[in-house]
Amino acid sequence: PSPLDLKEPEASLELEYVYGYRCHDVRNNLWYVAGENFAFNSAGLGIVMDPKKNSQTFHFHHKDDIMSIAVHPSGKYVATGEIGPTPLISVWDVTNPLETIITFNKPLTKGVSQLAFSPSGKYLAASAMEDSHSIAIFSCNFNQKPGSKTPPVV
């Protein structure tokens, strides 16, 4: 095209497969989920892999690199936490990763180093990457409207 043509090209990209895995500075980030699938993270993506079909589905909600991941006791939900000054924690369904069910973004700072669901799955614990390593406990109401922000319990 001409350098004077400022229109965007008529093209689009679609992510089909991720060939990568973040393991150099994170731990506990590969989990079995419902069925024989497994969930993991790479950069800012939450990924659900179906090894029988050799296919992947993606959770695109994060704006920065994912540093932590936890799976709900039912195996149906995944929580992912990112790095950054006000890190986002996103809870999503493994059968529909494009839909975020719950998000948390306060009071933790600098990133979320670890996530864990309670045995009942009603609560989600998160540890911050700041100097004092703060911990927040969030109530997980899976009956609320998808994408709702929920304050911490403690």
Side-chain angles (χ1 to χ4, degrees), residues 11-84 86-129 133-154:
S12 63
L13 298 174
E14 184 178 326
L15 182 60
E16 291 180 6
Y17 206 90
V18 172
Y19 295 92
Y21 171 71
R22 184 177 190 131
C23 63
H24 72 283
D25 60 350
V26 294
R27 302 290 179 266
N28 302 320
N29 63 343
L30 179 64
W31 293 82
Y32 276 105
V33 292
E36 295 181 5
N37 297 345
F38 55 91
F40 64 101
N41 59 285
S42 184
L45 289 173
I47 303 161
V48 177
M49 174 79 181
D50 182 338
K52 287 190 175 183
K53 295 180 183 175
N54 195 27
S55 64
Q56 298 174 339
T57 53
F58 310 102
H59 177 69
F60 293 99
H61 196 84
H62 290 280
K63 302 218 182 315
D64 214 328
D65 286 356
I66 295 173
M67 299 300 289
S68 55
I69 186 170
V71 174
H72 189 269
S74 70
K76 183 178 179 184
Y77 305 106
V78 172
T80 46
E82 67 185 19
I83 196 167
T86 53
L88 175 74
I89 298 171
S90 181
V91 180
W92 43 280
D93 188 329
V94 297
T95 60
N96 185 11
L98 292 175
E99 183 178 331
T100 300
I101 298 171
I102 308 168
T103 60
F104 308 104
N105 66 349
K106 291 186 181 186
L108 304 178
T109 60
K110 288 194 177 180
V112 180
S113 61
Q114 291 292 322
L115 290 168
F117 280 99
S118 65
S120 69
K122 290 182 179 182
Y123 301 101
L124 177 66
S127 174
M129 296 176 78
H133 302 288
S134 299
I135 295 174
I137 309 294
F138 300 96
S139 176
C140 295
N141 179 2
F142 292 102
N143 297 322
Q144 68 190 41
K145 184 179 175 184
S148 300
K149 291 187 178 181
T150 307
V153 174
V154 177

- Contact summary for Cys140 and Tyr123, nearest pair of heavy atoms: SG-C, 4.2 Å
- Look at the side chain of Ser68 and the backbone N and O of Val112, then say whether any donor-acceptor pair between them is shorter than 3.5 Å. yes
- Could you tell me the separation between the NZ atom of Lys63 and the OG atom of Ser90, rounded to the nearest 0.5 Å? 10.5 Å
- Tyr32 atom OH: more than 12 heavy-atom contacts under 6.0 Å: no
- Item | Closest heavy-atom pair and its distance - Ser42, Ile47 | CB-CD1, 3.8 Å
- Message: Using every non-hydrogen atom in the two residues, find where Gly44 and Asp65 come nearest and quote the distance to one decimal.
- Response: N-OD1, 4.0 Å
- Message: Within the 4.5 Å heavy-atom criterion, are Leu124 and Val91 side-chain neighbours or not?
- Response: yes
- Can you name the nearest heavy-atom pair linking Leu115 to Ala79, along with the distance? CD1-O, 3.6 Å
- With the side chain counted from C-beta on, respond yes when Glu16 and Phe58 share a heavy-atom pair under 4.5 Å apart, and no when they do not. no
- State, to 0.1 Å, how close Pro107 and Phe138 come at their nearest heavy-atom pair, and which atoms those are. CD-CZ, 4.3 Å
- Check whether any side-chain heavy atom of Phe117 sits under 4.5 Å from a side-chain heavy atom of Val71, and report yes or no. no
- Out of curiosity, His133 NE2 to Lys110 NZ, how far, rounded to the nearest 0.5 Å? 9.5 Å
- What is the minimum heavy-atom distance between Leu30 and Phe38, and which atoms define it? CD1-CD1, 3.4 Å
- Query: Is there a donor-acceptor pair under 3.5 Å between the side chain of Gln56 and the backbone N or O of Val18?
  - Reply: yes
- Item | Sidechain-backbone polar pair: Ser127 side chain, Gln114 backbone, donor-acceptor under 3.5 Å | no
- Can you measure from OH (Tyr21) to CG (Asn41) and round to the nearest 0.5 angstrom? 7.5 Å
- CG/Leu88 to CD1/Ile66 distance, rounded to the nearest 0.5 angstrom? 9.0 Å
- Rounding to 0.5 Å, atoms CD1 (Ile89) and OG1 (Thr100) come to a distance of 13.0 Å
- From the options Asn37, Ile69, Val94, select the one residue that forms a side-chain contact (heavy atoms from CB on, under 4.5 Å) with Trp31. Ile69
- Item | Within-4.5 Å side-chain heavy-atom neighbours: Ile83 and Asp64 | yes
- Name the orientation class of the two ring planes belonging to His61 and His59 (parallel below 30°, tilted from 30 to 60°, perpendicular beyond 60°). parallel
- Message: To the nearest 0.5 Å, what is the distance between CG on Asp93 and CD1 on Ile102?
- Response: 11.0 Å
- Would you call Met49 and Asn54 a side-chain contact if the rule is heavy atoms closer than 4.5 Å? yes
